[in-house]
Every structure is written in structure tokens, then in C-alpha cells.
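Step one of this worksheet: look at the structure below.
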Amino acid sequence: MGARNWAPKAIMKRILILGSTGSIGRNVLDVVRRHPDQFRVVGLAAHRNVDVLRAQCADHPDARFVVTDAAAAAAMAGDPARRARFAGGDEAALIELVRESGADLVVNALVGFVGLAPTLAALEAGIPVAIANKESIVAGGELLLAAARKAGVELVPIDSEHVAIAQCLAGSSRGDVERVVLTASGGALRDRNPATLADVSVRDVLAHPTWRMGAKITVDSATLVNKGLEIIEAHWLFGFPYEKIDVVIHPQSIVHSVVRFVDGSMLAQMATPDMRIPILYALAYPNRLKSDLGANLLEFPALSFAPVDESRYPCFRLALAAAKAGGTAPTVLSAANEVAVEAFLAERLPYSALADVIASALEALPARPVRSLDDVVEADREARRWIREHHTTATRGDGR
């Protein structure tokens with residue numbers, strides 16, 4: 001994030017939500033509901049959750065909408081009450097929605113690589129983006145930051161860790177920073193005997209001890225891939241070299257990030273593990289709005305911190321290697337992880353094989369320079385194609 005150089009075009013900020021039916025999207029809408037004098041929803045986009053989207057459209061009858069799944073889009077288009085609204089059956093519809101919505105802020109709460117192109121389109125159109133879509137920044141961070149700088153708009157994080165870093169850095173020079181420390185809950189399996197991880201079920205992995213999130217991010221939390229992706233995000237969003245970004249295990253999920261300064265002092269941002277708090281910060285940025293979220297300091301549990309045991313989290317080690325390789329390596333990492341997690345959730349791939357899929361893709365597809373969006377798209381496509389050819393169980397039914 002750079003200087004605070006944008007402001008809403010009107011007193012009430014017009015919000016477009018990409019991924020409105022997911023966990024983050026629903027929390028965004030809850031924040032909007034709590035602040036009806038500050039925000040108005042002008043656009044909604046979902047993949048296939050028609051029932052939830054219909055309810056959201058009823059709550060926001062003036063909002064345009066997009067459904068990227070063809071069958072779901074046809075179902076919505078056939079709804080007599082919604083014929084006048086905007087619907088599409090492919091990913092290009094997201095870009096059209098961004099360009100036609102008249103939004104003051106695009107919220108990207110999509111899951112996966114699909115979020116990159118509409119984020120880039122929004123920034124190129126001069127629309128700030130509040131982003132929870134890790135994969136977009138991981139695969140195309142350099143492109144997104146360049147587009148934001150050129151248009152003079154902000155790419156504002158929604159992830160609690162990066163919102164925390166932004167607040168800890170406020171008013172400080174980057175030269176004053178010695179290290180940035182992201183905290184990780186450790187996921188649902190952090191206390192489990194590593195020898196038993198081959199037998200864990202999808203239900204085991206999705207039983208996160210502190211956060212209530214979507215399925216993919218909950219799996220990524222268990223493997224700690226999410227922290228690898230967040231390190232890459234922090235690198236692009238705040239301009240720190242990877243050598244200055246650390247991760248520690250913090251089971252209570254109260255401290256979201258810590259910034260250590262050269263004089264030895266540290267600033268930490270603390271809040272209850274409720275995504276509506278960083279979402280409110282991102283929606284209201286550069287201002288703050290009063291809310292009834294959060295907790296009293298005396299209500300917090302005792303706080304503890306521990307180093308990451310990389311032997312327990314092989315996917316985290318792979319993510320760090322991809323980050324340092326740079327170029328298209330993070331795109332390959334993200335694509336391989338996305339395909340592998342989808343296969344695990346569909347019970348086609350055991351949990352213990354997630355790291356194998358990622359490692360084999362990174363080894364087979366060496367990093368290349370990223371000069372354009374086409375380079376990123378091709379790297380993503382090539383990674384998915386390679387996995388389809390070499391890990392048939394992981395990609396059964398994967399159409400990309």
C-alpha cells in the first residue's frame with residue numbers, strides 16, 4: 001500500500017463484491033448492513049451458489065450481478081424477477097461487471113486464480129480494490145502494483161495479517177523496519193502427531209480451532225501454504241524483501257502481525273479473530289468507522305508464540321522456495337496448490353499427497369520472468385496441464 005491518495009467519489013461508497021456468496025463476501029455484506037449510511041452495494045458476483053445469491057440480490061435490488069458457472073447463470077437468467085439484471089456464464093463477465101458497475105471500490109473475495117484478471121481490470125480503470133484473493137497477488141503482484149501506481153489508486157488488503165501490518169507501519173519509514181512478523185494459527189492439525197497425518201479426513205482439516213473460513217483457505221491454513229502466500233503478498237504490498245518477513249505460530253489468533261523496528265521496539269495489532277474487523281478497515285480506508293466488533297483486553301486468553309516447524313509443514317517450505325525463485329514460480333505454486341486442495345476436498349487425494357503435487361509441479365516447471373498478464377496466465381495454464389497429465393487422480397473433473 002502506498003500513500004493515501006484516493007477518496008470515495010461520493011459520501012456513500014459504492015461497493016462491488018466479487019465472491020459475494022463465500023465466507024469473506026458474506027462478512028463484507030454484514031459490515032455493509034451495519035453501516036447503511038456509509039456503503040451501498042452496486043454489484044455482486046458468485047460462481048454457482050444461486051440460492052445465496054438470490055437472497056443477496058433481494059437485499060440489494062439495484063445491484064448488478066454475475067454468475068460465472070454457466071448452469072447457475074442460466075438458472076438466474078430464468079428467474080423472472082431478475083431478467084433485467086446483468087448475468088454471464090464465464091469469467092469475462094466479471095471484468096464486464098467491474099467496468100459497468102460504477103463502483104467506488106471493488107472487493108475481491110474470490111478464491112483462486114480467477115480473481116487476477118478482474119482485479120487488474122479494476123485497477124486499470126482507476127477503481128481501488130480491497131483484496132482478500134491471495135492468489136491474485138501471489139501470481140500477479142508485480143502487475144497489480146504497477147497498474148495501481150499508474151492509475152494512482154490503492155490495492156488495499158483484507159487479510160487480517162496485512163491489515164495489521166498496514167496499521168503498524170502507519171507514520172513510519174520503511175527504513176526504520178527491521179522485520180515484519182506474520183502470525184499463523186497453525187491450523188486444525190497443529191497439535192496432531194505428524195505420523196498420523198496420512199490418515200486425516202477432510203472433516204479433520206476443516207475443523208479450524210479459531211477462524212471460520214472457506215474450505216480452501218482452511219486447508220491452506222492446515223498446510224501453512226496460506227502463510228507462504230501471505231509472505232509473497234507482504235513482499236508486494238509493502239515492498240519488503242523476503243529476508244525481512246518471518247512467520248511464528250500463535251495459536252490464539254489474537255495478534256495478527258508484528259513489526260519490529262531497528263531500535264528494538266515492536267508494534268503489534270491485536271483483535272479477536274473476526275474477519276469483519278479487517279474488512280471494516282479495508283472498506284472504510286483511509287478512514288475508520290465506529291463499530292461494536294472486538295473484545296475487551298481482559299477477555300483475551302494468554303498469548304503464546306512458537307517457531308514454525310517446517311518438517312510438520314512441508315508445503316510451507318515449498319511456498320518459501322517458490323517465493324524466493326520469483327518469476328512464474330509463485331504462479332505454479334498457487335495453481336498446483338489450488339488443484340491439489342480441490343482434489344483433497346473431493347476426497348480424490350490424501351492430505352499427505354498435497355506437498356507431493358506442489359513439489360513435482362515446481363520441479364518440472366522452472367521459473368520464467370513475468371513481463372505481462374499473458375506470462376502469468378500461461379504459467380497457470382501450463383501448471384494445471386502438467387498436473388492433469390502427471391497426477392490424474394488430483395485433476396479428475398478439472399476442466400481448466
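- Residues Leu333 and Leu362 are in side-chain contact: their nearest non-hydrogen atoms beyond the backbone lie under 4.5 Å apart.
- The structure places CD1 of Ile358 at 8.5 Å from CD1 of Ile387, a figure rounded to the nearest 0.5 Å.
- A single hydrophobic cluster is seen to contain both Leu169 and Ile137, as judged by linkage of ILVMFWY side chains at heavy-atom distances under 4.5 Å, directly or through other members.
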message: Before you tell me yes or no, could you show the steps for Thr272 and Asp274 under side chain to side chain donor-acceptor pair (under 3.5 Å), namely the whole-Å CA-CA distance, both residues' side-chain angles and the distance that decides it to 0.1 Å?
response: CA-CA 6 Å; Thr272 53; Asp274 184 336; 5.1 Å; no
- prompt: Between Leu373 and Leu116, is a side-chain contact (heavy atoms from CB on, under 4.5 Å) present by the stated rule, with each step listed?
  reply: CA-CA 9 Å; Leu373 179 60; Leu116 176 57; 3.6 Å; yes
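- Between the side chains of Asn193 and Thr196, no donor-acceptor pair of N or O atoms lies under 3.5 Å.
- In this structure, the side chains of Ile24 and Val111 stay at 4.5 Å or more apart for every pair of heavy atoms.
- Of the possible polar contacts, none joining the Gln269 side chain to the Ala164 backbone as a donor-acceptor pair under 3.5 Å is found.
- Between the Asp380 side chain and the Val376 main chain, no donor and acceptor come within less than 3.5 Å of each other.
- Counting all heavy atoms, side chain and backbone alike, Arg190 lies closest to Ser185 at NH1-O, 2.9 Å.
- In this structure, Leu123 and Leu155 have side chains that are in contact, with non-hydrogen atoms separated by less than 4.5 Å.
- Grouping the Ile, Leu, Val, Met, Phe, Trp and Tyr side chains by contacts below 4.5 angstrom, directly or via other members, places Met270 apart from Ile279.
- Under 3.5 Å, the side chains of Glu233 and His235 contain no donor-acceptor pair of N or O atoms.
- Within the 4.5 Å cutoff, the side chain of Ser136 has heavy atoms near those of the Leu144 side chain.
- Of the charged side-chain nitrogens involved, none lies within less than 4.0 Å of a carboxylate oxygen, so that Lys244 and Glu178 do not count as a salt-bridged pair.
- Defined by atom type and a distance below 3.5 Å, a donor-acceptor pair is missing between the side-chain atoms of His256 and Thr183.
- Across every non-hydrogen atom of Ala336 and Ala361, the tightest pair is CB-CB, 3.9 Å.
- Using the six-membered ring where Trp is involved, His390 and Trp386 have ring planes that are parallel, under 30° apart on the 30 and 60° scheme.
- Salt-bridge check for Arg149 with Glu154: failed, with every basic side-chain N at 4.0 Å or more from each acidic carboxylate O.
- Counting non-hydrogen atoms of neighbouring residues, nucleotides and ligands closer than 6.0 angstrom, the NZ atom of Lys324 reaches no more than 12 such neighbours.
- Leu224 is connected to Leu320 through a chain of hydrophobic side-chain contacts under 4.5 Å among Ile, Leu, Val, Met, Phe, Trp and Tyr, so both are in one cluster.
- Contact between Asn226 and Ile217 at its shortest, heavy atoms only, is CB-CD1, 3.8 Å.
- Side-chain contact check for His60 versus Leu29: some heavy-atom pair is nearer than 4.5 Å.
- A salt bridge (charged side-chain N to carboxylate O under 4.0 Å, His left out) with Glu338 is found for exactly one of Arg384, Lys134, Lys216, namely Arg384.
- Using a cutoff of 4.0 Å between basic side-chain nitrogens and carboxylate oxygens, Lys227 and Glu161 are scored as salt-bridged.
- A donor-acceptor contact shorter than 3.5 Å is absent between the side chain of Arg276 and the backbone of Asn27.
- With contacts defined as side-chain heavy-atom distances shorter than 4.5 Å, the pair Leu18/Leu44 does not qualify.
- A heavy-atom distance below 4.5 Å is not found between the side chains of Ser352 and Leu197.
- Pairing each heavy atom of Ala109 with each of Ala132, the nearest pair is CA-CB, 4.4 Å.
- Salt bridge status for Arg34 with Asp292: present, with a side-chain N to carboxylate O gap under 4.0 Å.
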message: Let's go through Gln38 and Met12 carefully: what are the C-alpha distance in whole Å and the side-chain angles of both, what is the deciding distance for side-chain contact (heavy atoms from CB on, under 4.5 Å) to 0.1 Å, and is it a yes or a no?
response: CA-CA 5 Å; Gln38 297 288 330; Met12 181 173 289; over 6 Å; no
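- Between Lys13 and Leu283 the shortest heavy-atom distance is NZ-O, 2.6 Å.
- The aromatic rings of Tyr351 and Phe344 lie perpendicular to each other, with more than 60° between the two planes, well past the 30° mark.
- A donor-acceptor pair under 3.5 Å is formed between the side chain of Gln56 and the backbone N or O of Ser20.
- Hydrophobic cluster membership differs between Val163 and Met266, with clusters built from Ile, Leu, Val, Met, Phe, Trp and Tyr side chains linked at under 4.5 angstrom.
- To the nearest 0.5 angstrom, His162 atom NE2 is 13.5 Å from Gln167 atom CD.
- Looking at Arg192 and Asp204, a side-chain N of the basic residue comes within less than 4.0 Å of a carboxylate O on the acidic one, giving a salt bridge.
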message: Run the side-chain contact (heavy atoms from CB on, under 4.5 Å) test on Glu378 and Arg368 for me, step by step, so that the C-alpha distance in whole Å, both residues' side-chain angles and the decisive distance to 0.1 Å come before the verdict.
response: CA-CA 11 Å; Glu378 177 54 32; Arg368 300 190 302 269; 4.3 Å; yes
Under 3.5 Å, side-chain donor or acceptor atoms of residues 46-53 against the rest of the protein: list the pairs with distances, not counting sequence neighbours.
residue	atom	partner	partner atom	Å
His47	ND1	Thr68	OG1	2.8
Asn49	OD1	Val52	N	3.4

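- Taken together through direct or relayed side-chain contacts under 4.5 Å among Ile, Leu, Val, Met, Phe, Trp and Tyr, Ile245 and Val262 form parts of separate hydrophobic clusters.
- Residue Ser334 comes nearest to Val138 through the heavy atom pair CB-CG1, 4.2 Å, listed as atom of the first residue, atom of the second, then distance.
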message: For Gln252 and Ser304: C-alpha separation, side-chain torsions, deciding distance, then whether side chain to side chain donor-acceptor pair (under 3.5 Å) applies.
response: CA-CA 7 Å; Gln252 297 80 25; Ser304 61; 3.0 Å; yes
